[in-house]
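None of these values were measured; they are calculated from a predicted model.
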Amino acid sequence: MRTHGSPYGIRLYVVPFGFEHITTPGRQRTRSRAMPAQERYMARNIGHHLSLSKRDHALLAELEASPRPVAKGTVLWESRTTPDQLYTLCEGWAYTSQCSADGSRQILDLFLPGDIMGLRDLTYHDHSTTAVMLTDGVVSPFPIDRLPRLMRRSARLAWALQASAARQEGLITQRMVNVLSHDAASRIAHFVLEVHHRLQRIEETSGDSFDLPLLQRQFSMLLGMSSVHVSRTLVEMANRGLIQRSRRNIRLLDFEALNRMADFDPNTLNDNLNPHIPLTAG
């Protein structure tokens with residue numbers, strides 16, 4: 001089974017110095033196109049936090065007004081550069097990574113369609129990570145200096161953006177706790193349940209199956225394991241009837257057992273806002 005004919009699963013592992021940067025001079029670009037309403041993942045994403053008015057939809061459309069196709073491996077921003085744009089990930093997958101003092105690289109964020117990229121670094125002088133497209137996709141850049149206008153016009157959307165940033169931070173925190181407190185199989189169980197939950201949220205799964213464009217190398221960068229250990233653990237989990245993995249697809253065979261192993265609680269990833277937040281109309 002596949003997820004809505006998505007093109008994910010493209011083989012990718014490149015070192016930072018081999019990335020293609022989005023602002024590379026002379027790169028041929030496809031003309032930006034207006035994005036039909038049904039393709040606006042971001043409105044669907046933020047709509048999980050609060051109900052959106054027509055005005056809210058119009059304001060959100062500004063964040064997706066300049067979509068551009070980007071190839072796998074494209075760098076959206078580099079560490080130690082000053083943030084000047086947010087990116088709506090309209091199609092495809094992306095990630096951020098950070099380089100340690102010993103030269104090893106860890107993946108921190110994993111972005112799915114509808115996610116807003118760059119929120120965590122928004123108020124910092126420099127990016128702490130490098131952001132790279134994991135697959136071919138479409139992004140819509142939005143200059144940060146236009147955010148105040150959006151926030152003045154809709155306090156509701158300002159709170160929704162804050163909620164999105166907080167939940168991105170929460171995902172990283174939960175993954176760190178998972179890595180520190182679980183064995184290899186439990187780490188992988190927790191991760192695949194997390195991704196399945198997030199894809200279900202945007203209607204990008206096919207029942208118990210979903211595309212996952214990560215190589216074992218990326219698994220190791222996410223979960224603090226060696227590639228060999230990832231490979232061995234995936235085989236072991238398949239033999240136990242927990243998951244089935246093909247080249248570009250994960251199928252969850254035993255949700256109950258995976259949940260027991262991972263101690264996964266989807267309620268920690270819920271979209272509910274604090275009821276004390278004063279959401280104004282409009």
Open item on the list: Quick check on side chain to side chain contact (heavy atoms under 4.5 Å, CB included): which of I250, V179, L222 does F191 satisfy it with?
Closed with: L222

Task: ring-ring contact (aromatic ring centres under 6.0 Å, His included) contacts touching residues 129-149 (sequence neighbours left out) - done: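 Listed by first then second residue: nothing to list.
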
Are [X] and [Y] close enough for a salt bridge, meaning some N to O gap below 4.0 Å?
{"X": "D254", "Y": "R240", "answer": "no"}
{"X": "D136", "Y": "K72", "answer": "no"}
{"X": "R232", "Y": "E236", "answer": "no"}

Between [X] and [Y], which heavy-atom pair has the shortest distance, and what is it?
{"X": "A165", "Y": "R120", "result": "O-CG, 4.3 Å"}
{"X": "T130", "Y": "S79", "result": "OG1-N, 3.2 Å"}
{"X": "R175", "Y": "R198", "result": "NH2-NH1, 4.2 Å"}
{"X": "P141", "Y": "Q85", "result": "CB-OE1, 3.1 Å"}
{"X": "L76", "Y": "Y87", "result": "O-OH, 3.2 Å"}
{"X": "M237", "Y": "A185", "result": "CE-O, 3.7 Å"}

Open item on the list: Testing the 3.5 Å rule here: is there a donor-acceptor pair between the side chains of S100 and Q106?
Closed with: yes

Open item on the list: Heavy-atom count check: over 12 atoms from other residues, nucleotides or ligands less than 6.0 Å from R146 CZ?
Closed with: yes

Open item on the list: Quick check: do L193 and F255 have side-chain heavy atoms less than 4.5 Å from each other?
Closed with: yes

- [ ] Taking the side chain as every heavy atom from C-beta outward, state whether L150 and L157 have any atom pair closer than 4.5 Å.
- [x] yes

